[in-house]
Amino acid sequence: KAERDILSRELSAKLQNLLSTEDGVWGGFIPLESEPSIFPMPASKITWAFPKIENQTMKFAVSDEFEKGPHGITQPLVRDESAYKTRDQIKGFVIPALGFSDDGYRIGWGAGYYDRYLKGFKGSTIGVCFDFQILPTAAWVEEFDFPVNQVVTPNAMFKCKESSWK
């Protein structure tokens, strides 16, 4: 856990620098135990919306209160429907994963929430993970998988092919 915290701080600093000129609403995430813990980001001009699963559908909501959702995953507590942001209201997403291929394809948890939610999204997508979670070009990529625009780790930052999330 101590090493995860150190690496998470390094990744968070790199990401904060990358996003320093950004503003508006961005999609973030509440980390699982295996994912980098990068929030809150101090001095950010970004308003963060976090994923919430309802009826097998992922939505994003702005909140500073959280609750346990399906599968014990922490998600925003929504007290007012105006907290929800549509995909078109969100400028970009910071996306976690079990790993990313070196060309930006994500290995998720298998439920396809991000693939479905981001279909057709034209904004920025930034994958975040630890260095050991970067894998060679993926043989497991399927037709519904799309790469992120770039990947950030504690020790690297690289652009991937342009993502269209068609």
Side-chain angles (χ1 to χ4, degrees), residues 4 8 11-12 15 18-19 22 24-39 41 46-63 65-78 81 83-153 156-166:
R4 174 184 177 258
S8 290
L11 196 157
S12 183
L15 189 60
L18 177 67
L19 297 173
E22 296 291 342
V25 178
W26 276 65
F29 65 94
I30 304 301
L32 299 174
E33 213 37 54
S34 61
E35 297 170 341
S37 180
I38 59 173
F39 295 99
M41 258 186 225
I46 293 173
T47 299
W48 291 101
F50 298 97
K52 182 173 180 78
I53 306 301
E54 288 183 343
N55 302 318
Q56 300 298 310
T57 301
M58 184 163 68
K59 300 176 178 183
F60 277 77
V62 174
S63 180
E65 296 180 272
F66 299 91
E67 64 184 349
K68 290 291 182 194
H71 313 290
I73 296 172
T74 303
Q75 58 184 22
L77 176 61
V78 177
E81 290 296 310
Y84 287 111
K85 301 301 171 193
T86 66
R87 194 181 62 198
D88 293 338
Q89 293 174 300
I90 299 175
K91 288 178 71 174
F93 289 89
V94 175
I95 303 168
L98 288 171
F100 285 94
S101 65
D102 54 11
D103 53 354
Y105 286 94
R106 177 178 181 270
I107 300 173
W109 292 92
Y113 288 116
Y114 278 100
D115 293 314
R116 287 191 303 277
Y117 189 85
L118 292 172
K119 186 176 182 180
F121 183 69
K122 306 230 182 302
S124 296
T125 51
I126 302 169
V128 294
C129 65
F130 297 114
D131 294 284
F132 69 87
Q133 293 172 300
I134 299 297
L135 308 166
T137 301
W140 37 260
V141 174
E142 298 182 69
E143 70 274 359
F144 54 82
D145 292 327
F146 297 96
V148 293
N149 300 126
Q150 53 193 320
V151 175
V152 179
T153 73
M157 190 165 17
F158 55 93
K159 290 191 182 283
C160 306
K161 55 178 121 171
E162 285 303 309
S163 176
S164 61
W165 293 87
K166 295 179 183 174

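No hydrogens, no waters, no symmetry mates; every other heavy atom, side chains included, goes into these values.
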Measuring from atom [atom1] of [X] to atom [atom2] of [Y], what distance do you get when rounded to the nearest 0.5 angstrom?
X: Phe50; Y: Ile73; atom1: CZ; atom2: CD1; answer: 15.0 Å
X: Ile30; Y: Lys52; atom1: CD1; atom2: NZ; answer: 11.5 Å
X: Thr47; Y: Gln89; atom1: OG1; atom2: CD; answer: 11.5 Å
X: Phe100; Y: Leu135; atom1: CZ; atom2: CG; answer: 10.5 Å
X: Tyr84; Y: Lys59; atom1: OH; atom2: NZ; answer: 5.0 Å
X: Thr57; Y: Arg116; atom1: OG1; atom2: CZ; answer: 7.0 Å

**Request:** Please examine the side chains of Val25 and Phe60, heavy atoms only from C-beta on, and report whether any two atoms are closer than 4.5 Å.
**Result:** no
Closest approach of [X] and [Y], non-hydrogen atoms and distance?
X: Cys129; Y: Ile134; answer: SG-CD1, 3.6 Å
X: Tyr114; Y: Pro96; answer: OH-CD, 3.6 Å
X: Trp26; Y: Lys91; answer: NE1-CB, 3.7 Å
X: Ser37; Y: Arg4; answer: CB-NH2, 3.8 Å
X: Pro51; Y: Pro76; answer: O-CD, 3.0 Å
X: Pro36; Y: Ser8; answer: CA-OG, 3.5 Å

**Message:** Is it the case that the ring center of Phe93 lies less than 6.0 angstrom away from the ring center of Phe29?
**Reply:** no
Can you tell me if [X] uses its side chain to pair, donor with acceptor, with the backbone of [Y] under 3.5 Å?
X: Arg106; Y: Asp115; value: no
X: Gln150; Y: Ile126; value: no
X: Asn149; Y: Thr125; value: yes
X: Ser124; Y: Gly92; value: no
X: Lys85; Y: Ile90; value: no
X: Ser63; Y: Val78; value: no
X: Ser12; Y: Ile38; value: yes
X: Gln75; Y: Ile53; value: yes

**Request:** Could you give me the CA-CA distance, side-chain angles and deciding distance for Thr86 and Asp88, then say whether side chain to side chain donor-acceptor pair (under 3.5 Å) is met?
**Result:** CA-CA 5 Å; Thr86 66; Asp88 293 338; 5.2 Å; no
**Message:** If you apply the rule side chain to side chain contact (heavy atoms under 4.5 Å, CB included), what do you find for Met157 with Val151, and how did you get there?
**Reply:** CA-CA 6 Å; Met157 190 165 17; Val151 175; over 6 Å; no
**Item:** Enclosure of Glu65 CD (heavy-atom neighbours >12, cutoff 6.0 Å)
**Value:** yes
